[in-house]
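Single-structure report; data block below.
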Number of protein chains: 2
Amino acid sequence: MVTTSETPTGLSPTSPSGLQTRRPTLHDVAARAGVSKSLVSLALQGSPKVAPASREAILAAADELGYRPNRTASSLVRQRTHTIGVHILDLHNPVFAEILDGVQEAVRRNGYSTLLVTGNADPATERTEITRLLESRVEGLVLIAHRLSDEALSAIAREVPTVVVTWRTDGIAGLDSVAGDDVAGARLAVDHLVTLGHSRIAHVSGGDNRIALQRRAGYERAMADHALAPLVVDGAFTEQGGYVGAETAVGAGATALVVANDLAAIGALAALRARGLRVPDDVSVVGYDGMRLLDSLDLTTVAQPLAEMGRVAADLLIKRIDVPDTPSTHRRVETRLVARGSSGMAPTHARGRQAAEPWSSST
Amino acid sequence: MVTTSETPTGLSPTSPSGLQTRRPTLHDVAARAGVSKSLVSLALQGSPKVAPASREAILAAADELGYRPNRTASSLVRQRTHTIGVHILDLHNPVFAEILDGVQEAVRRNGYSTLLVTGNADPATERTEITRLLESRVEGLVLIAHRLSDEALSAIAREVPTVVVTWRTDGIAGLDSVAGDDVAGARLAVDHLVTLGHSRIAHVSGGDNRIALQRRAGYERAMADHALAPLVVDGAFTEQGGYVGAETAVGAGATALVVANDLAAIGALAALRARGLRVPDDVSVVGYDGMRLLDSLDLTTVAQPLAEMGRVAADLLIKRIDVPDTPSTHRRVETRLVARGSSGMAPTHARGRQAAEPWSSST
DNA sequence: CGCCTGAGTTGGAACGTTCCAATTCCGAGG
DNA sequence: CCTCGGAATTGGAACGTTCCAACTCAGGCG
């Protein structure tokens, strides 16, 4: 198509490298197509009111100039960003990636897009990154785990619809949550090991965060219900945490480990290998979370429907964006034990021991 | 501090839920503090020209109203976003998270922040997500792997400073890249296995993407140099790819596997376990990438300095943002073999075989 | 006493969109 | 030939910020 070229604006100016110096605007496109900026705006939004000929000319001009709409300007005037902010506690833990899958799926299905951000387990960067999301005027916030105080969290929830994935937020008004039942989940692990004849079942803890404490409580209650002596050793939600935790646990004579999460369970496995202990013949290991990778690693775990958690969270959030004044809902997802090769019968010499016998450092 | 309250604006309006209906603006803060919006802007930016008393009043007003600056408005008028866009091919692969660590570190050190986005290995979403970054006017783009065509890539590079991490982009002008030498890296793996007495060394490929093909080429050349018959089986950069690839490879009598990446190597391990084969007694396995997790899994791998790659990439990018017209630089990072427990001497019955002997399906 | 200076403050234009109200254009109907 | 109506198009205000130029107001100095 031939455009009359008495319009002042030619092709976009380029620097020697070919990198554009000034980005073309609606105005430039309008000048090149010989119409007003309003019509260009209309045409690019696909309005049916634009005459076919004009539309064609505008699209051609935009293409020739390499026009790229400016989202910041658009969302400023529209007062909408159609964007959901997502904070991930730790990108190194594949569990969070799996939750994110579900979030993205639901967010996109609802016509929003996501802005992803991570504090990498550092509370200070976590704060600044979330602040950044709020300043970018995201319309909702998904927190895939976080380290905020209850006050900080509720302040945020007052500002923008928010949903927390991974733990319940009962006390705090105006925000939703999606989580599994960590107490019941830890009990599943203990029950499973008891069924296999274990009594010296130790728990490698995940530190003193909320989730870790819940799982620990579940372990302790289950042990008490089975009239077994509990042993909790310090660990963390990382491979290293699992490694050192497993070392002290087997040092104390444990034949089975309930590890705080999958990543730590992988670390525990490494510690056992380093000690020359076989899994599950000498020691059984059960993880927590249910990340996909564990299938390949043949690790027994307490599994949560991760992608579904993300999906449910995003759906709750979008509902809350549409109807801001809904009471908080806290969704509980089903937790189940997935038995794999890392858990087996207790070693014969350790089986059938007296239940509440105190722990000693025998091997 | 007592503020005179004849100003028209009171506290920000809230809906029954406590969720704010209209976000306070500079104007609201100005009204409440009894000054002009210009002075509020100045004060919030920490300008020394603002009188202490005014500053205090303004800060108090902002705090009381819960004022939150609007980044979209700010970046619109400033014509700067101070934001780097980062695209990650696949969040499920921890390798990319480790590269991202380096990127974030360098980006923050230089006073920028990041906007993270993932296509989750789907080319279509990848495109829309990158488009989104461009429309948000990021000042630079880091692509931690991607599936764009060369044309698409160079079009983007013409629009915004861009750096690709993970593979070289020699042919394409105006963008930088950071990568390891995949051909040499694969050779390291083969050499290592040959030293251990292996001759039936198979390669589980990573598909037909650029990197996979490079690694495959490195394997093939190294095998030829050792006068060994190569065997390449189809795989993918995923656990499943490694699983099926390993199955066919050992079916063909391989005693050692050079697997296309770490994730696939984990899958290969699972396949061997399922077949009752011991590692490394029956079969040795070498991965590629060097993700941290492999340390716990005791897997030999060809390691790349992942975080450093990210750091170097971000530094190159920021240099290019400052000085747009610099010639492309392609940084090569050092690749080295990290020997762990998954690679060992070739089984005695397979050792010292005739080198170029054709492969058969013996076990 | 008027002028100058500089500290402190302010109005208003600009950024690139969207969208409303107003305008032009053109053919049909009276 | 004039009027009307609908389709197509347009100007301009608005979004919330930044920043420049201009202004006010003391106080010091000649």
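Residue numbers start from 1 in every chain, and the chains themselves are labelled A, B, ... in the order their sequence lines are given, proteins ahead of strands.
Aromatic ring centroids of B:W167 and B:H146 lie under 6.0 Å apart.
A sub-4.0 Å separation between OP1 or OP2 of D:dA14 and a side-chain N or O of A:Q79 is absent. Here A:Q45 does not reach the OP1 or OP2 of C:dT17: none of its side-chain N or O atoms lies under 4.0 Å away. Proximity of B:S38 to the phosphate of C:dT9: no side-chain N or O atom is located under 4.0 Å from OP1 or OP2. Here A:S74 does not reach the OP1 or OP2 of C:dT17: none of its side-chain N or O atoms lies under 4.0 Å away. For B:S54 and C:dT9, the shortest distance from a side-chain N or O to OP1 or OP2 is below 4.0 Å.
Between B:T114 and B:T83, the closest side-chain pair of non-hydrogen atoms is not below 4.5 Å. Between A:E126 and A:I130, the closest side-chain pair of non-hydrogen atoms falls below 4.5 Å.
A:L42 places its CG atom 9 Å from the P atom of D:dT9, with the value rounded to the nearest Å. Look at CG on B:L26: it is 9 Å from C1' on D:dT18, rounded to the nearest Å. In this structure, CZ of A:R22 is placed 11 Å from C1' of C:dC15, rounded to the nearest angstrom. Taking atom CZ on A:R71 and atom P on C:dT18, their separation rounds to 11 Å, with Å as the unit. Here the P atom of nucleotide D:dG12 and the CG atom of A:L39 are 17 Å apart, to the nearest Å. For the pair B:H27 NE2 and D:dG16 P, the interatomic distance rounds to 10 Å; values are reported in whole Å. Going from atom CD of B:E135 over to atom P of C:dG16 covers 15 Å, rounded to whole Å. We find that CG of B:L76 is positioned 10 Å from C1' of D:dT18, with the value rounded to whole Å.
In the set D:dG12, C:dT9, C:dG16, C:dG16 carries the atom at the smallest distance from any side-chain atom of A:N70. Set against C:dT9, D:dA8, D:dG12, the side chain of A:K37 has D:dG12 as its closest nucleotide. Considering only the side chain of A:K49, D:dT9 comes nearest among D:dT17, D:dT9, C:dG16.
The pair B:D315-B:R109 meets the salt-bridge criterion, since a charged nitrogen lies less than 4.0 angstrom from a carboxylate oxygen.
Between the side chains of B:R132 and B:S136, a donor-acceptor pair is found at a separation under 3.5 Å.
B:T72 comes within 4.0 angstrom of no nucleic acid atom, judged by non-hydrogen atoms across all strands.
The residue among B:P52 and B:A73 whose nearest nucleotide of DNA chain C is located toward the 5' end is B:P52.
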